K.L.:
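Before we start, here is the structure in question, set down as structure tokens.
Predicted model, so just to flag it, every value in this text is computed and none were measured.
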Number of protein chains: 4
Amino acid sequence: MSARPRSEKAEARAEAQRTRILDAAQHCFIEHGFHGAGMALIAETAQMSAGLIYRYFESKSAIIRAIVEEQLELLREDIARNTHPDFPTVLAEEYGRPHQCEGRRMSASLLLEISAEATRDPQIAAALDDYDTTVRNALQDWLTRAREAGGMALDGEDARRRALMLQCLIEGLKLRETREPGLDRDLLMAALQDVVPRMLDR
Amino acid sequence: MSARPRSEKAEARAEAQRTRILDAAQHCFIEHGFHGAGMALIAETAQMSAGLIYRYFESKSAIIRAIVEEQLELLREDIARNTHPDFPTVLAEEYGRPHQCEGRRMSASLLLEISAEATRDPQIAAALDDYDTTVRNALQDWLTRAREAGGMALDGEDARRRALMLQCLIEGLKLRETREPGLDRDLLMAALQDVVPRMLDR
Amino acid sequence: MSARPRSEKAEARAEAQRTRILDAAQHCFIEHGFHGAGMALIAETAQMSAGLIYRYFESKSAIIRAIVEEQLELLREDIARNTHPDFPTVLAEEYGRPHQCEGRRMSASLLLEISAEATRDPQIAAALDDYDTTVRNALQDWLTRAREAGGMALDGEDARRRALMLQCLIEGLKLRETREPGLDRDLLMAALQDVVPRMLDR
Amino acid sequence: MSARPRSEKAEARAEAQRTRILDAAQHCFIEHGFHGAGMALIAETAQMSAGLIYRYFESKSAIIRAIVEEQLELLREDIARNTHPDFPTVLAEEYGRPHQCEGRRMSASLLLEISAEATRDPQIAAALDDYDTTVRNALQDWLTRAREAGGMALDGEDARRRALMLQCLIEGLKLRETREPGLDRDLLMAALQDVVPRMLDR
DNA sequence: TATGAATGAGCATTCATTCAT
DNA sequence: TATGAATGAATGCTCATTCAT
């Protein structure tokens, strides 16, 4: 006599539907932007009716917000995973990767869309701000950490300054990704391996 | 005594109207984005009827294009004017300046909007690409130039790599401007003066 | 037991909607002309929202084209059905009939509208041209056919000339219908029965 | 001390302006139809400002009405001039002539436009009706007239019937002119010379 | 749960007409 | 007399959202 066996299954299905919708929406948003992608297109991509989407999301805005949250979470994880001495290499390898995305992965053009939307939607602005803080802290933390802990062993003030610069560089790279997807990888790798260490050197 | 005094006056007035429209449009686009700002709002902001706008611009698209061109031109001028040994200081001083804009000045959030739009509109993508090339060349040129000519005296390959990184940093800074308009100036200035020289050092 | 009962019903409904729209549009076009009738009026006449119409027709132009095709098809059928020795009588009886139309019937004033539109819209011009050819061929064929086959047994060149004149007369009659809907039927009948045989006599 | 010498000159000038406008309007209406031709285009064609037109005509409708009146007058004159035994030849020669028009001449496509407009505008309908009556009377008169007076010497009832048919044929020809401007002239001439005499024969 | 037909407010754009100059 | 800038209502059309089924 399980409490609500039906409900559990239903909940799983509901979650699957939400995922289906978000997958479709992300795909559409990347291709057409938040405003350019209509609910009809998203529904078609998700292989369901437009009406059904509203059972799982309150509005198109809610879908956008969900995608924003998720994207920022993925980006946060990325930073957490990649802040170690090989950082330049990782940055170069990530460049342009999203296009080969399966499932929902980060997308530079989505970050652009999100940044643009944040200048109008305070809710998105808040989420983005939260993300910014996390990233900056993660970078600063890495730069401060002892070398044997994989850090750069910089002192507090120094780390603060360089974390800021590093963050700008990382985001500038994301922006570049959307504009110059075919950028020469060897050049990029060489540039990062040449310049980033200089930025972080004591 | 002038050949066609009426026509001259008329032309001046026409130009004033165009300016009036572009001012209003820029204001609206910054606040609501290219798609979020309707012709009605632009007209109201410009204090004229919506129909009148079409005497001066072929379409909303044409207004967007005009603003894009102008913004990119302003950015190009900025780079041309500021590539000299004091570059870090200049970057820090420029940060957040547009908000105190009189007339039509650069706007970081517009650059964002432009970048996002470029992923869909090939015409805007082309303009942005042209801008990118100009900037990269200007930076590379500066880095290659002799020290006595105000340059950094780097050799070609080196300059190419660092120009790319510099461009990413600069654009990352513009992005940051839209998200953190209140960023501590002293921190920013210190960070740039600390890190940029390291990026460019031989 | 049907394979997709839902879809069949839906398709039937969709067809009904298309019909509803075409009925309304035809009514509006007759009363106000292709340009004079706005989508709002058509929607109101069809008792639906303007937006809904676009689920069934791509554009106002598409509606016009659909009506043109249909009208020309009805006219073609008419010619095919009526080319026999009693032609004069039939012409007289058809005169003014459309005004008592139920469902969508031919309308002389629509033919006028179509002819006028054809001078600008090449697609409509092509359709009208096709119709013209069909009619002329049908007439010529009838005039050439043997008497025992219901024809007029004229030789080829003769038939060509008289088909042309007959076509002009028939269209002149349609024109007259729009201008003089109350024309004395007895006069018309007498005139046709007197003159048409003379036109076709060997 | 002439009464109002200024006024006379002014009146002449005013009349010239009206003519100028009507010339331009006719040209535009033939090319784009009554609704397709905008006041801006007419003004440009007349080489004057849009506003000035309103000093000479109350509205666009008034221009249309003026053109209608004039066209119908020209058509009336044509019928009066051409109702004589050579009628078939004249009809054939007139076919397609308007395209070589200088000044303001009849235009088959204008007649079409007028007929279409008449189904909506009662004022135009009345003018067209008046024209119809004149034409029918002229034809009937010609058919009744003695042979030595250039007529066809038919009796009254006969003439009435044949005038109606002739009118239909004539208008059908005008319609055909708009659809088949390149119609083989020899065929047309032969057809008219073959068929019209039969229509009028005693 | 799922559909997709239906709505209605909103969009960019056009155009006959007016009016300050 | 003449201009053409300016208006504003109307146009065809789109799209997020709702709702009967």
Side-chain angles (χ1 to χ4, degrees), chain A residues 10 13-14 17 35-44 46-64, chain B residues 6-7 9-10 13-14 16-17 35-43 46-64, chain C residues 6-7 9-10 13-14 16-17 35-43 46-64, chain D residues 6 9-10 13-14 17 35-44 46-64:
Chain A
R13 171 142 185 75
Q17 292 282 58
H35 293 88
M39 291 299 280
L41 179 63
I42 295 173
E44 191 193 25
Q47 296 189 92
M48 61 176 70
S49 71
L52 188 53
I53 292 180
Y54 285 83
R55 192 166 287 275
Y56 300 100
F57 291 92
E58 205 191 17
S59 66
K60 187 180 174 181
S61 259
I63 297 177
I64 293 175
Chain B
R6 183 62 157 291
S7 181
K9 235 192 204 165
R13 170 142 188 79
Q17 291 284 59
H35 292 87
M39 291 300 279
L41 179 62
I42 295 173
Q47 296 188 93
M48 58 178 70
S49 71
L52 186 53
I53 293 180
Y54 287 84
R55 185 171 289 275
Y56 301 100
F57 291 91
E58 209 189 17
S59 64
K60 184 180 175 182
S61 229
I63 298 177
I64 293 176
Chain C
R6 182 62 156 292
S7 181
K9 235 191 205 166
R13 174 145 184 76
Q17 292 283 60
H35 292 88
M39 291 301 279
L41 180 62
I42 295 173
Q47 294 189 96
M48 59 177 71
S49 70
L52 187 53
I53 292 179
Y54 288 85
R55 185 172 291 274
Y56 300 100
F57 291 92
E58 209 189 17
S59 63
K60 184 180 174 181
S61 230
I63 297 178
I64 293 176
Chain D
R6 178 69 153 294
K9 237 192 203 165
R13 172 142 184 77
Q17 292 281 58
H35 293 87
M39 291 299 279
L41 179 63
I42 295 172
E44 192 194 24
Q47 295 188 94
M48 61 176 69
S49 70
L52 188 52
I53 292 180
Y54 285 83
R55 192 167 287 273
Y56 299 100
F57 291 93
E58 206 191 17
S59 65
K60 187 180 174 181
S61 260
I63 297 177
I64 294 176

K.L.:
Between F:dA5, E:dA12, E:dA2, spot the one nearest the side chain of B:R13, thanks.
P.N.:
F:dA5
K.L.:
State whether B:R55 places a side-chain N or O below 4.0 Å from either non-bridging phosphate oxygen (OP1 or OP2) of E:dT13.
P.N.:
no
K.L.:
I need the C:S49 OG to C:M39 CE distance, nearest 0.5 Å.
P.N.:
10.0 Å
K.L.:
Could you check C:G38 against B:Q17 and say which one's nearest nucleotide on DNA chain F is further toward the 5' end?
P.N.:
B:Q17
K.L.:
Starting at the 5' end of DNA chain E, which residue's closest nucleotide do you reach first, B:S61 or C:M48?
P.N.:
C:M48
K.L.:
In whole angstrom, what separates D:E44's CD from F:dT3's P?
P.N.:
13 Å
K.L.:
Please report the interatomic distance CZ(D:F57) to CD1(D:I64), rounded to the nearest 0.5 Å.
P.N.:
11.5 Å
K.L.:
Within this structure, what is the NE2-to-C1' distance between A:H35 and F:dT14, rounded to whole angstrom?
P.N.:
14 Å
K.L.:
May I ask you to say what D:Y56 touches in the nucleic acid, namely base, sugar-phosphate or nothing, with a heavy-atom cut-off under 4.0 Å?
P.N.:
sugar-phosphate
K.L.:
Compare side-chain N and O positions of D:S49 against OP1 and OP2 of F:dG4 and report whether any pair is under 4.0 Å apart.
P.N.:
no
K.L.:
Who is the Watson-Crick or G-U wobble partner of F:dA6, with both distances under 3.5 Å?
P.N.:
E:dT17
K.L.:
Report the distance from atom CG of D:L41 to atom P of F:dG4, rounded to the nearest whole Å.
P.N.:
16 Å
K.L.:
How many Å lie between NZ on D:K60 and P on E:dT17, as a whole number?
P.N.:
8 Å
K.L.:
Just verifying a value: how many Å separate B:I53 CD1 and B:M48 CE, rounded to the nearest 0.5 Å?
P.N.:
6.5 Å
K.L.:
Touch check for B:A37, heavy atoms < 4.0 angstrom, all strands: base, sugar-phosphate only, or nothing?
P.N.:
sugar-phosphate
K.L.:
What's the CD1-C1' distance between A:I42 and F:dA16, to the nearest Å?
P.N.:
10 Å
K.L.:
Out of E:dA6, E:dT1, F:dA2, which nucleotide sits closest to the side chain of D:L52?
P.N.:
F:dA2
K.L.:
What's the CZ-P distance between A:F57 and E:dT1, to the nearest Å?
P.N.:
14 Å
K.L.:
How far does CZ of A:R13 sit from CD of A:Q17, to the nearest 0.5 angstrom?
P.N.:
4.5 Å
K.L.:
How many Å lie between CD1 on D:I53 and C1' on F:dT3, as a whole number?
P.N.:
12 Å
K.L.:
Can you tell me if the side-chain N/O atoms of C:Y54 get under 4.0 Å from OP1 or OP2 in F:dC13?
P.N.:
yes
K.L.:
Please determine, for the side chain of B:M39, which listed nucleotide (E:dA12, E:dT17, F:dA2) has the closest atom?
P.N.:
E:dA12
K.L.:
Just how far, in rounded Å, is P of F:dA16 from CD of A:E58?
P.N.:
16 Å
K.L.:
Could you tell me whether the side chain of B:K60 and the main chain of B:G38 form a donor-acceptor pair under 3.5 Å?
P.N.:
no
